[in-house]
Amino acid sequence: MIQLENICKQYTNHNHTVRAVDDVSFSVAENERVGIAGGSGSGKSTLLRIIALLEKPTSGTLRLFGEDIHSIQNHTEIYRSMQMMFQNPLAVIPPRMNLEAFLLEPYINYGLMDVASTKDDIRKWMQRVDLPENTVYKYPHEVSGGQLQRVVLARIMLMNPKLVLFDEPTSALDAVNQKLVLDLLQKLHSEQPFGYVFVSHDIGLLQAVTDRIIVMKDGQIVETIESKRLKEAVHPYTKSLVEASV
Ligand code: ADP
Ligand code: MG
């Protein structure tokens, strides 16, 4: 579904060059759950932004849904099929937009509108993410971070994505809400399959929600391991991440 070949991204500031992503190659199959682990500054977010077409790689080849990114004709379809979720929902939801408007926004953007039936869908989706239906009339500051992330997840699922990119979506939540959101994600994935790439500094968390984990350090992949075999990791950096998570 996505293929990266020798992807590099360099940033140059004041004559100082950082290789944020350094010769990274991997692919993600349909409905596969892939984790990317690594400490802060290892290049995880840069890599996700490249896949999301928010940033251009300095070099390398990226194919999304079988198409080289330079020959993509229908960007609208790609943007609908590929959704992204970030750490801080308040940075994504405009403060003066109620949650119903936030949930309707992509329908309007993609011209999928049939207002009445869409509003019905949205209310049904509140149940699917374990929120009261009237949550849609609230404003972002009136609900908790964990509830907002469930609203964001509902909005993503409403677009019926093929691929979702998660950049530490639960890192700002307390342990209870973190588990609620991760359990919900697993439920949704089993009901309506989609592939995802989940970035986290917490390799233990990734083990619970992915099939395969890619470990990054200083922009490079140091190890790729099946999630259920994490105990058998051989690279010292992977082992140190396992020890740091508990
Ligand atoms: P992570 O998400 O793993 O913490 P990032 O992808 O955010 O890592 O950053 C990787 C490296 O690239 C870091 O050294 C960071 O400072 C640098 N970097 C990221 N974005 C930029 C940017 N826009 N300009 C300059 N340097 C950047
Ligand atoms: Mg990051």
Side-chain angles (χ1 to χ4, degrees), residues 2-28 33-62 64 69 82-93 145-146 148-149 152-153 156 163-175 177-178 181-182 185 195-210 212-225 227 230 233 235-245:
I2 54 177
Q3 287 154 321
L4 291 84
E5 274 169 35
N6 312 110
I7 292 288
C8 295
K9 179 72 188 184
Q10 295 186 2
Y11 293 109
T12 304
N13 294 327
H14 310 293
N15 300 327
H16 175 70
T17 297
V18 180
R19 288 168 182 262
V21 176
D22 190 2
D23 199 17
V24 164
S25 304
F26 68 91
S27 53
V28 179
R33 304 174 304 162
V34 173
I36 298 182
S40 149
S42 57
K44 309 181 296 298
S45 294
T46 304
L47 189 58
L48 271 200
R49 287 199 303 270
I50 289 171
I51 299 172
L53 305 179
L54 295 171
E55 226 166 320
K56 286 199 173 84
T58 311
S59 61
T61 310
L62 171 60
L64 294 176
I69 53 164
M82 183 170 61
Q83 297 285 322
M84 192 160 182
M85 183 168 171
F86 300 93
Q87 182 171 332
N88 180 4
L90 287 173
V92 181
I93 311 178
L148 276 185
Q149 284 303 50
V152 172
L153 209 43
I156 286 172
L163 176 72
V164 185
L165 306 172
F166 295 104
D167 195 350
E168 313 242 14
T170 60
S171 295
L173 304 179
D174 61 65
N177 277 295
Q178 182 166 336
V181 171
L182 294 176
L185 172 60
Y196 64 74
V197 180
F198 195 118
V199 159
S200 177
H201 60 275
D202 184 344
I203 204 166
L205 181 161
L206 290 179
Q207 187 178 26
V209 298
T210 61
R212 182 159 60 100
I213 298 172
I214 293 166
V215 182
M216 280 182 78
K217 182 175 186 288
D218 301 330
Q220 297 183 322
I221 295 179
V222 297
E223 186 164 16
T224 300
I225 190 158
S227 304
L230 188 55
H235 196 282
Y237 185 69
T238 310
K239 290 184 182 179
S240 73
L241 289 177
V242 172
E243 275 165 31
S245 160

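Whatever order the structure lists them in is the order used to number ligands and atoms, beginning at 1.
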Checklist outcome for this item: In ligand 1, the atoms that come under 4.0 Å of a heavy atom of A20 are 10 (C), 11 (C), 12 (O)
Next on the checklist: Within the protein, is there a heavy atom lying under 4.0 Å from atom 15 (C) of ligand 1?
Outcome noted: no
Item to check | Side-chain touch L230/T238, heavy atoms, less than 4.5 angstrom | outcome: yes
Item to check | Separation between CZ of F198 and OG1 of T210, rounded to the nearest 0.5 Å | outcome: 9.0 Å
Checklist entry - Closest non-hydrogen protein atom to atom 23 (N) of ligand 1, residue and atom name please, with distance? => result Y11 CE2, 3.6 Å
Next on the checklist: So that I can check it, does any N, O or S atom in S45 come closer than 2.8 Å to the Mg ion (ligand 2)?
Outcome noted: yes
Checklist entry - Which of the numbered atoms in ligand 1 are below 4.0 angstrom from a heavy atom of S42? => result 1 (P), 3 (O), 8 (O)
Checklist entry - Against heavy atoms of S40, which atoms of ligand 1 measure under 4.0 Å? => result 4 (O)
Item to check | Geometric N/O contact S45 with ligand 1, under 3.5 angstrom | outcome: yes
Checklist entry - Given P57, which of V24, T46, I7 fulfils the side-chain contact (heavy atoms from CB on, under 4.5 Å) condition? => result I7
Checklist entry - Would you say M85 and Q149 make side-chain contact, with heavy atoms under 4.5 Å? => result yes
Checklist entry - What residue and heavy atom of the protein are closest to atom 6 (O) of ligand 1, and at what distance? => result T46 OG1, 2.5 Å
Checklist outcome for this item: ligand 1 to V18, heavy atom cutoff 4.0 Å, flagged ligand atoms 12 (O), 14 (O)
Next on the checklist: I need the nearest protein heavy-atom contact for atom 3 (O) of ligand 1: residue, atom name and distance, please.
Outcome noted: K44 NZ, 2.8 Å
Checklist entry - Is the shortest heavy-atom distance from the side chain of I2 to the side chain of M82 under 4.5 Å? => result no
Next on the checklist: Suppose I only count heavy atoms of G39 and a 4.0 Å limit; which atoms of ligand 1 are within that range?
Outcome noted: 3 (O)
Checklist outcome for this item: Note: N13, heavy atoms under 4.0 Å from ligand 1, region reported as side chain
Next on the checklist: Do F86 and L48 have side chains that approach each other closer than 4.5 Å (heavy atoms only, starting at C-beta)?
Outcome noted: no
Next on the checklist: For a quick test of reading the model, state the closest non-hydrogen atom pair linking L205 to S245 and the distance between them.
Outcome noted: N-OG, 4.5 Å
Checklist entry - Can a non-hydrogen atom of G41 be found less than 4.0 Å from any atom of ligand 1? => result yes
Next on the checklist: Any nitrogen or oxygen of E55, side chain or backbone, less than 3.5 Å from one on ligand 1?
Outcome noted: no
Checklist entry - Taking both backbone and side-chain atoms of G43, is any N or O found less than 3.5 Å from an N or O belonging to ligand 1? => result yes
Item to check | Derivation of the side chain to side chain contact (heavy atoms under 4.5 Å, CB included) call for V209 and F166 | outcome: CA-CA 12 Å; V209 298; F166 295 104; over 6 Å; no
Checklist entry - Should D218 and Y237 be marked as a side chain to side chain contact (heavy atoms under 4.5 Å, CB included) after you check the CA-CA gap, both sets of side-chain angles, and the distance that decides it? => result CA-CA 11 Å; D218 301 330; Y237 185 69; over 6 Å; no
Checklist entry - Applying a 4.0 Å heavy-atom criterion (strictly less than), which segment of R49 is in contact with ligand 1: side chain, backbone, both, or neither? => result side chain
Checklist entry - If you draw a 6.0 Å radius around CZ in R19, do more than 12 non-hydrogen atoms from other residues or ligands fall strictly inside? => result no
